[in-house]
**Q** 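Handing you this structure, nothing more for now.
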Amino acid sequence: MTEATHPFDPPAHEHRWIEIVTELAKGFAATAADFDDTAELPIANLRALHATGLDRATLPAEFGGEGLSYRAYGEIVRILSAACSSTACIWVMHIGAAVGLVQLSAPEVGRFYAGELIDGKRFANALSEPSSGNMFLMPQQVAEPVDGGFRLTGAKRFVSGCEAADHFLVNALVDGAPTFFGVAPDDTMTFVPIWDTMGLRASRSQLVSFEGTVLREDRRCPPSTERRPNHIGAGLAFLSLGIADAAEDALITHSRNRVIPMTGQSLAEMQWLQFEVADVHTRLDAARMYARNMAWLADQNSPEFMSATMTAKVLANDVARDVAQLALKAGGGSGFLRASPIQRLFRDAQAGGLMAYSAEVCKDRIGKTVLLPQD
Ligand SMILES: Cc1cc2nc3c(=O)[nH]c(=O)nc-3n(C[C@H](O)[C@H](O)[C@H](O)COP(=O)(O)OP(=O)(O)OC[C@H]3O[C@@H](n4cnc5c(N)ncnc54)[C@H](O)[C@@H]3O)c2cc1C
């Protein structure tokens with residue numbers, strides 16, 4: 001009898017990517033605490049990922065890639081995030097910006113960006129504005145027409161991995177309409193070091209300032225006419241799920257090893273903890289299954305993908321925070337120590353729900369859809 005495969009599993013020929021990343025992630029996990037401590041960019045991790053050919057694999061076949069499935073991509077983000085969530089965050093933004101530029105640009109420009117990704121150039125998203133916050137697809141900053149393009153003066157906030165980027169996906173208002181551009185950094189762009197954060201410290205998501213930067217007309221993306229999934233929307237739930245996995249692992253390890261002197265039992269044998277673990281574990285399983293469903297919808301280019309990203313993100317963001325909170329509770333004073341992975345995972349687990357669309361924005365949309373009549 002042939003073994004049944006689950007429709008949410010990545011196609012068999014992509015399993016090698018999961019194996020490659022699982023192997024690399026062991027090294028990433030070993031240095032994650034140091035990167036958190038120093039808040040340095042984990043550039044060696046990102047280069048190691050590129051060296052495997054993975055970045056190229058995410059490109060559509062017509063641009064020289066393998067059209068890696070979203071099911072494999074999601075699994076990869078989860079594995080990376082469990083090992084080093086800052087590496088995973090920057091990689092999601094890098095692939096999101098690169099494949100986004102390839103697909104959104106005119107075909108010859110798209111081929112240029114595909115070549116740049118294959119050559120190891122790095123990409124970042126400069127979309128969120130200080131004023132527009134979560135509404136990162138609705139820029140308020142206006143780019144004024146000049147010779148050869150449009151001039152932008154303003155700032156974008158929390159641009160993960162910006163200091164290493166060769167290309168940025170930037171949006172601005174042109175003739176009143178949100179418009180995407182590919183932008184290569186020049187001396188009109190500066191990075192303002194605001195990123196001294198409680199979590200995802202090594203993502204170095206700085207403020208990028210634009211002082212009359214020319215957004216070139218020939219790098220302007222034409223209005224999108226096709227529905228397509230995108231790697232940022234698809235990746236963010238898996239970013240939180242990886243942190244939840246790592247927090248659950250840390251919780252299990254600590255609970256099994258910690259013997260409570262009064263009772264002679266390990267923490268793992270205590271019923272209060274078993275009940276609380278059952279609660280977060282079942283929710284984590286459900287969130288993981290829903291995220292895999294969302295990735296499968298992306299692979300079908302389903303119209304349901306967009307709403308599924310919100311549900312998947314809320315489930316994953318919330319459970320990551322809750323698993324990490326329980327790990328901290330079970331960890332006691334030991335988990336509170338800087339030497340413990342629990343405190344780092346607790347801090348990292350807060351980020352997912354803040355990233356656009358935030359958990360509240362998602363819940364607002366979901367709640368309105370459920371309660372209010374739809375047109
Ligand atoms: C780790 C990290 C990495 C990031 N990387 C990038 C990147 O690479 N590129 C990029 O462009 N951006 C990036 N961002 C920015 C991110 O996607 C958000 O746009 C940004 O965090 C919003 O921050 P804000 O302070 O402006 O929040 P605000 O939007 O001001 O939100 C503040 C509060 O208001 C709530 N809120 C806001 N709007 C609504 C609404 N409409 N309905 C209900 N509640 C609402 C929010 O839920 C939150 O509780 C990153 C952010 C983080 C934390």
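We use all heavy atoms of the structure for the numbers below, so side chains are in, but hydrogens, waters and symmetry mates are not. Just so it is clear, the model here is predicted, and its values are computed rather than measured. Ligands are counted one by one from 1 in listed order, and the atoms in each one are counted from 1 as well.
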**Q** Can D318 and K363 be counted as an ion pair, charged N to O under 4.0 angstrom?
**A** yes

**Q** Going by distance alone, is a donor N or O of one side chain under 3.5 Å from an acceptor N or O of the other, for Q343 and R347?
**A**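 Side-chain D/A pair, Q343 to R347: present.
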
**Q** Can you confirm whether the side chains of W91 and D55 place a donor and an acceptor under 3.5 Å from each other?
**A**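 Short answer, yes.
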
**Q** Below 4.0 Å from ligand 1: does a non-hydrogen atom of K156 turn up there or not?
**A**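 It does not, in that no heavy atom of K156 comes within the 4.0 Å cut-off of ligand 1.
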
**Q** Distance under 4.0 Å to a non-hydrogen atom of L354: what atoms of ligand 1 satisfy this?
**A** 21 (O)

**Q** Any luck finding a side-chain donor-acceptor pair between S131 and Q140 under 3.5 Å?
**A** yes

**Q** Tracing side-chain links under 4.5 Å among I, L, V, M, F, W and Y, which residues wind up in one group with V192?
**A**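 Cluster partners of V192: F158, I194, W195, L207.
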
**Q** Is the shortest distance from atom 34 (O) of ligand 1 to a protein heavy atom below 4.0 Å?
**A** no

**Q** Who's the nearest protein heavy-atom neighbour of atom 38 (N) of ligand 1, and how far?
**A** V361 CG2, 3.7 Å

**Q** For ligand 1, find out whether one of its N or O atoms is nearer than 3.5 Å to an N or O atom of S128.
**A** yes

**Q** Does S160 approach ligand 1 within less than 4.0 angstrom via side chain, backbone, both or neither, non-hydrogen atoms only?
**A** both

**Q** Would you call the rings of Y73 and H231 parallel, tilted or perpendicular, taking 30° and 60° as the class edges?
**A**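 Aromatic pair Y73/H231 classed perpendicular.
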
**Q** Below 4.0 Å, non-hydrogen atoms only: which portion of L200 touches ligand 1? Side chain, backbone, both or neither.
**A**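 Looking at L200 and ligand 1, just side chain atoms fall under 4.0 Å.
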
**Q** Test of understanding: given a 4.0 Å heavy-atom threshold, classify the contact between W195 and ligand 1 as side chain, backbone, both, or neither.
**A** side chain

**Q** Measuring to protein heavy atoms, does anything land under 4.0 Å from atom 6 (C) of ligand 1?
**A** yes

**Q** Is it the case that the side chain of H50 and the backbone of G120 share a donor-acceptor pair, with hydrogens and angles ignored and the cut-off at 3.5 Å?
**A**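 It does hold such a pair.
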
**Q** Between R71 and D9, does at least one N-O distance fall below 4.0 Å, as a salt bridge requires?
**A** no

**Q** Keeping N45 on the side-chain end and T87 on the backbone end, is there a donor-acceptor pair under 3.5 Å?
**A** no

**Q** One pair to check against salt bridge (Lys or Arg N to Asp or Glu O under 4.0 Å): E66 and R16. What are the steps and the verdict?
**A** CA-CA 13 Å; E66 292 179 21; R16 73 189 173 93; 3.1 Å; yes

**Q** One residue to check: F136. Relative to ligand 1, which of side chain, backbone, both or neither has a non-hydrogen atom less than 4.0 Å away?
**A**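 Neither part.
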
**Q** Answer yes or no: is there an ion pair linking R216 with D218, defined by an N-O contact shorter than 4.0 Å?
**A**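 Salt bridge flag = yes for D218 with R216.
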
**Q** Can you tell me if R157 has a non-hydrogen atom under 4.0 Å from ligand 1?
**A** yes

**Q** For atom 30 (O) of ligand 1, is some protein heavy-atom partner under 4.0 Å away?
**A** no

**Q** Taking distance alone, with N or O pairs closer than 3.5 Å, would you say M355 contacts ligand 1?
**A** no

**Q** Give the atoms of ligand 1, by number and element, whose distance to some non-hydrogen atom of G133 is under 4.0 Å.
**A**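 The atoms of ligand 1 under 4.0 Å from a heavy atom of G133 are 19 (O), 22 (C), 26 (O), 29 (O).
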
**Q** Looking at N125, which atoms of ligand 1 are within less than 4.0 Å of one of its heavy atoms?
**A**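 Listed by number with element, the hits are 7 (C), 8 (O), 9 (N), 10 (C), 11 (O).
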
**Q** Is F158 in polar range of ligand 1, meaning some N or O pair under 3.5 Å apart?
**A** yes

**Q** Find all atoms of ligand 1 within a distance of less than 4.0 Å from any non-hydrogen atom belonging to L127, and give their numbers and elements.
**A** 11 (O)

**Q** Select one of side chain, backbone, both or neither to describe which atoms of A356 lie under 4.0 Å from any atom of ligand 1, heavy atoms only.
**A** both

**Q** I'd like to check which ligand 1 atoms, numbered from 1 as shown, lie under 4.0 Å from a non-hydrogen atom of S205.
**A** 3 (C)

**Q** I would like to know whether R78 and D245 meet salt bridge (Lys or Arg N to Asp or Glu O under 4.0 Å); could you show each step before the answer?
**A** CA-CA 8 Å; R78 195 173 67 77; D245 288 345; 2.2 Å; yes

**Q** Could you tell me whether D364 and ligand 1 have an N or O pair separated by under 3.5 Å?
**A** no

**Q** If you have a sec, work out which protein heavy atom is nearest atom 32 (C) of ligand 1 and how many Å separate them, to one decimal?
**A** N134 ND2, 5.0 Å

**Q** Establish, for the pair R365 and Y357, whether the NZ or CZ atom is under 6.0 angstrom from the six-membered ring centre and no further than 45 degrees off its axis.
**A** yes

**Q** Tell me which protein heavy atom sits closest to atom 48 (C) of ligand 1, plus the residue, atom name and distance to 0.1 Å.
**A**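 Going by distance alone, atom 48 (C) of ligand 1 is nearest to E360 OE1, 4.2 Å.
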
**Q** Which residues satisfy the ring-ring contact (aromatic ring centres under 6.0 Å, His included) test with H167, sequence neighbours excluded?
**A** F112, Y113, F123

**Q** Write out the residue and atom name of the closest protein heavy atom to atom 46 (C) of ligand 1, then the distance separating them to 0.1 Å.
**A**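 Checked against all protein heavy atoms, atom 46 (C) of ligand 1 sits closest to S358 OG, 3.5 Å.
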
